[in-house]
Amino acid sequence: FVVDTEGNLMQNGGSYYILPVMRGRGGGLGLDKTGNETCPISVVQSPYETEHGLPVRIASPYLILNIYEGLPLSLAFTAVPTCAETPSQWTVVEDLPTGKSLKLSGFYDNNLTGWFKIQKYNNDYKLTFCALNSATCGDVGVNVDENGVRQMVVGEANGPLLVMFKKATESSANIKLRGAI
């Protein structure tokens, strides 16, 4: 089973902040505009390690209580910018300048059909994306663009972003959509 930062089993359909394990390498995940986007629909990592980002609903299609490693998952932010649809499901968009980028669904036609997984990586966790028509899964990592935006992508050459999951509560969800982190 996958555990959160408090050592509790992660709940199917629960909301969590996805935070980096390594200190000094950015904060939690949120949204921002990249390229020519007019709406913050790109999944990015905050450049500030003190920011938790936005809560993410982590859910499996299976009717089970807890999340375990390797389970097919859908990921969606619990808050969305007004220009985006709800729910704000994550998808992978292919053939962008950054390669395979994580975006909110509903904006691009070249989405890859598939699912996300949480996998153990040494003593930590990593996110992977598995395309429906592929036998392999790609690690989710960070690509820093020319503007310093920390875009989340699949198959980053620098390796996976090692993550931990902090339970989001009503009091901790001081959500701010700047551009959107």
Side-chain angles (χ1 to χ4, degrees), residues 2-8 10-35 37-59 67 73-93 96 98 100-107 115-119 121 124-129 139-145 147-154 156 158-181:
V2 179
V3 295
D4 65 17
T5 56
E6 302 295 318
N8 298 318
M10 285 181 57
Q11 299 170 348
N12 187 13
S15 295
Y16 297 86
Y17 295 105
I18 300 177
L19 304 169
V21 170
M22 303 253 201
R23 306 275 303 159
R25 294 198 182 170
L29 303 185
L31 292 167
D32 206 345
K33 299 176 196 172
T34 60
E37 295 169 352
T38 57
C39 180
I41 60 167
S42 293
V43 180
V44 300
Q45 181 188 26
S46 170
Y48 310 107
E49 73 175 62
T50 56
E51 288 189 6
H52 286 148
L54 299 173
V56 177
R57 181 176 179 270
I58 301 173
I67 300 293
L73 302 170
S74 67
L75 304 176
F77 287 113
T78 59
V80 293
T82 55
C83 56
E85 299 175 19
T86 57
S88 57
Q89 294 279 61
W90 294 14
T91 189
V92 174
V93 178
L96 294 173
T98 53
K100 297 176 183 172
S101 301
L102 275 61
K103 307 275 185 184
L104 294 186
S105 60
F107 289 89
W115 58 89
F116 291 91
K117 289 183 181 182
I118 298 171
Q119 295 187 300
Y121 188 84
D124 300 312
Y125 296 110
K126 66 178 181 175
L127 294 174
T128 60
F129 178 79
D139 291 337
V140 174
V142 179
N143 177 58
V144 182
D145 71 13
N147 298 320
V149 176
R150 301 177 65 79
Q151 171 82 42
M152 301 307 298
V153 297
V154 174
E156 171 55 34
N158 296 326
L161 175 66
L162 301 182
V163 296
M164 56 186 167
F165 305 93
K166 180 180 171 75
K167 179 84 172 148
T169 61
E170 292 295 324
S171 62
S172 69
N174 56 346
I175 299 169
K176 55 184 184 234
L177 290 170
R178 159 171 77 187
I181 291 193

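Predicted, not measured: the structure shown is a model, and the values here were computed from it.
Residues forming a side chain to side chain donor-acceptor pair (under 3.5 Å) with R57 (at least two apart in sequence, or on another chain): none. Under the ring-ring contact (aromatic ring centres under 6.0 Å, His included) criterion, Y16 pairs with no residue at all, not counting sequence neighbours. For Q119, the side-chain contact (heavy atoms from CB on, under 4.5 Å) criterion is met by K117, K126, T128, not counting sequence neighbours.
Applying the salt bridge (Lys or Arg N to Asp or Glu O under 4.0 Å) test to pairs two or more places apart or on separate chains, those with a residue in residues 11-28 are R23-E49.
Counting heavy atoms from C-beta outward, I67 and L73 have side chains that approach closer than 4.5 Å. Put simply, the side chain of V142 does not reach to within 4.5 Å of the side chain of Q151, judged on heavy atoms. You'll find the side chain of E6 stays beyond 4.5 Å of the side chain of K167, heavy atoms only. For the pair T78/L54, no side-chain contact is recorded, criterion being any heavy-atom separation below 4.5 Å from C-beta on. Counting heavy atoms from C-beta outward, Y17 and P55 have side chains that approach closer than 4.5 Å. Inter-residue side-chain proximity for T34 and S101 is flagged as unmet; no heavy-atom pair is nearer than 4.5 Å.
Considering V43, L102, V153, V140 in turn, L102 is the only one that fulfils the side chain to side chain contact (heavy atoms under 4.5 Å, CB included) rule with V92.
With rounding to the nearest 0.5 angstrom, the OG1 atom of T50 is 8.5 Å from the NE2 atom of H52.
Side-chain rings of F129 and W115 stay apart, their centers remaining 6.0 Å or farther from each other.
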Carefully, step by step, assess Y125 and I18 under the rule side-chain contact (heavy atoms from CB on, under 4.5 Å). CA-CA 10 Å; Y125 296 110; I18 300 177; over 6 Å; no
Taking it one step at a time, do E51 and S46 satisfy side chain to side chain donor-acceptor pair (under 3.5 Å)? CA-CA 7 Å; E51 288 189 6; S46 170; 3.0 Å; yes
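Classification of E37 and K103 as a salt-bridged pair holds, one side-chain N sitting under 4.0 Å from a carboxylate O.
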